[in-house]
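These numbers were taken from a predicted model, which means no experiment stands behind them.
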Amino acid sequence: MKVLKFGGTSVGSPERIKNLAQLVQSDEPRIIVLSAMAGTTNSLVEITDLLYNKEMDQADEKISELEAKYRTRINELFATTEGKEKGNELITSHFNYIRNFVYRSFTALQEKAILAQGELISTAFFHYYLTEIGVESVFLPALNYMRIDKDGEPDSYYIKENLERELAEHPQQKLFITQGFICRNVYGEIDNLKRGGSDYSASLIGAALKSEEVQIWTDIDGFHNNDPRYVENTGTLHQLSFDEAAELAYFGAKIMHPSSIVPCKQWNIPVRLKNTLSPSDEGTLITDESTGKGIKAVAAKDGLTAVKIKSGRMLLAYGFLRRVFEIFEIYKTPIDMITTSEVAISLTIDDDSHLAEIESELAKFGNVEIDKDHSIICIVGDFISETAGSAKKVLEALENIPLRMISYGGSKHNISVLVDQKDKIAALQALSNHLF
Ligand code: ADP
Ligand code: ASP
Ligand code: MG
């Protein structure tokens, strides 16, 4: 069984959906994981924000706008009266559901239920379209098998058991259509795997079934050596190791959800990145093999907060770091980067929802400084044979950018620096000019 995930652009218009219907047909068994049509999840986020803020008339207007978009798509996508009728019924039922929340009190739970509508609609559309053109497929509801546990982590055992049970109900079938992104939580409520989470869905499905391969189809020809949104003339990397890809994804390469490599790495399942707009391109193959030495790629992650604790008296005495880290553990706040000196420790966090509490606890140890709006720039490659040279090249490239923190030696394939977010693009461009 192969797992193929198609992102928002790949299902972004009736024309794209029609192309996709040709692309997914094969004699081999396949699970097709779809995102919402491009722009839909963003619109649903806007709608839920308006509902939260009790701006009900505007919410209602936005809902109608999105609904109208879908009505035009139905006419372009389906050729038969029956197809159009089914499409219209689908849209009526999903948009009635969303509209139900207008002029009512609104909770986080309902927000998740609204965000799920994009993937529920795109998969149903695709399944109806395949039926209309005479291609047999099975609609596989992700809410029947995809689940996170009480800590928000995927419940691998539950996913495997339930997915296998669902598939066993259709032993003769080869083509399955399912939703990315959406899942249930430990209470059985509708939840999701965070923004961009369809990649994660695909790799969790791949890992659950020990698939031969997971393919991520998107709007670019594979993993690039720098962020193409900010840097010109980036180049495609045709091969990466799981560790290299995981570092890049975690530190901001938007082409993959930050956690999506982990399940495939665990079961050694190759991940292939492909371009829906140009399917014959080679793309990128991610496996457990690392090829080539030296620096391969750069990525950046925004929105980081730097926390500095200064304490001449007890810093680096044994037990001190444990007490500092314990505070972050209590508030379930992961730390991304750490540097130490004799008198201070600096670290970065991505999630600052408990920053105030963390700051007041840390203040018991010494002077605490908080700097918001920073970016981690992560430089990835195989540095083992080129240790001195790689670090020198990175620092030379960044000679005109103020560096707040530098992390080197944490693993053999990562050098990270922390810069002010306003310097990020300049840093990415300087690295591109100097390294590639
Ligand atoms: P999808 O909707 O298919 O999931 P995304 O927008 O999430 O697509 O991811 C693809 C986008 O990721 C590309 O269009 C590109 O702009 C961006 N991107 C950021 N960094 C990289 C990178 N290193 N290599 C390739 N694409 C990248
Ligand atoms: N539709 C969701 C989002 O926009 C999930 C995804 O596209 O991967 O975040
Ligand atoms: Mg994505």
Do NZ/NE/NH1/NH2 and the carboxylate oxygens of E161 and R165 come within less than 4.0 Å?
-> no
When the ring planes of F139 and H127 are compared, do they come out parallel, tilted or perpendicular, using 30° and 60° as the limits?
-> tilted
With a 4.0 Å cut-off, would you call K5 and D199 a salt bridge?
-> yes
Would you please classify the geometry between the F95 ring and the Y70 ring as parallel, tilted or perpendicular, with 30° and 60° separating the classes?
-> tilted
Please say whether more than 12 non-hydrogen atoms of neighbouring residues, nucleotides or ligands are located less than 6.0 Å from CD in E329.
-> no
Hey, is OH on Y157 packed in by over 12 heavy atoms from elsewhere, all under 6.0 Å?
-> no
Mark yes when over 12 heavy atoms from residues, nucleotides or ligands other than K332 sit less than 6.0 Å from its NZ; otherwise mark no.
-> no
State whether Y250 and K301 meet the cation-pi test: NZ (Lys) or CZ (Arg) under 6.0 Å from the six-membered ring centroid, and within 45° of the perpendicular axis.
-> yes
Quick one: do the N275 and S278 side chains pair a donor with an acceptor below 3.5 Å?
-> no
Going by atom types only, do T276 and S10 share a side-chain donor-acceptor pair under 3.5 Å?
-> yes
Please indicate whether E82 has more than 12 foreign heavy atoms, meaning atoms of other residues, nucleotides or ligands, lying under 6.0 Å from its CD.
-> no
Partner set under ring-ring contact (aromatic ring centres under 6.0 Å, His included) for Y128, not counting sequence neighbours = none
D371 bridged to K308 by N-O distance under 4.0 Å = no
Identify whether the distance between the nearest side-chain nitrogen and carboxylate oxygen of D302 and K424 falls below 4.0 Å.
-> yes
Would you call E28-K2 a salt bridge at under 4.0 Å N-O?
-> yes
Partner of N225 under side chain to side chain contact (heavy atoms under 4.5 Å, CB included), chosen from V298, L237, V231 = L237
From L140 atom CG to H170 atom NE2, the distance as rounded to the nearest 0.5 Å | 7.0 Å
Note: K69-E65 ion pair, threshold 4.0 Å (strictly below) | no
For atom CD of E169, decide whether the heavy atoms of other residues, nucleotides or ligands shown that lie under 6.0 angstrom number more than 12.
-> yes
Is R404 paired with D420 through a side-chain N to carboxylate O contact shorter than 4.0 Å?
-> no
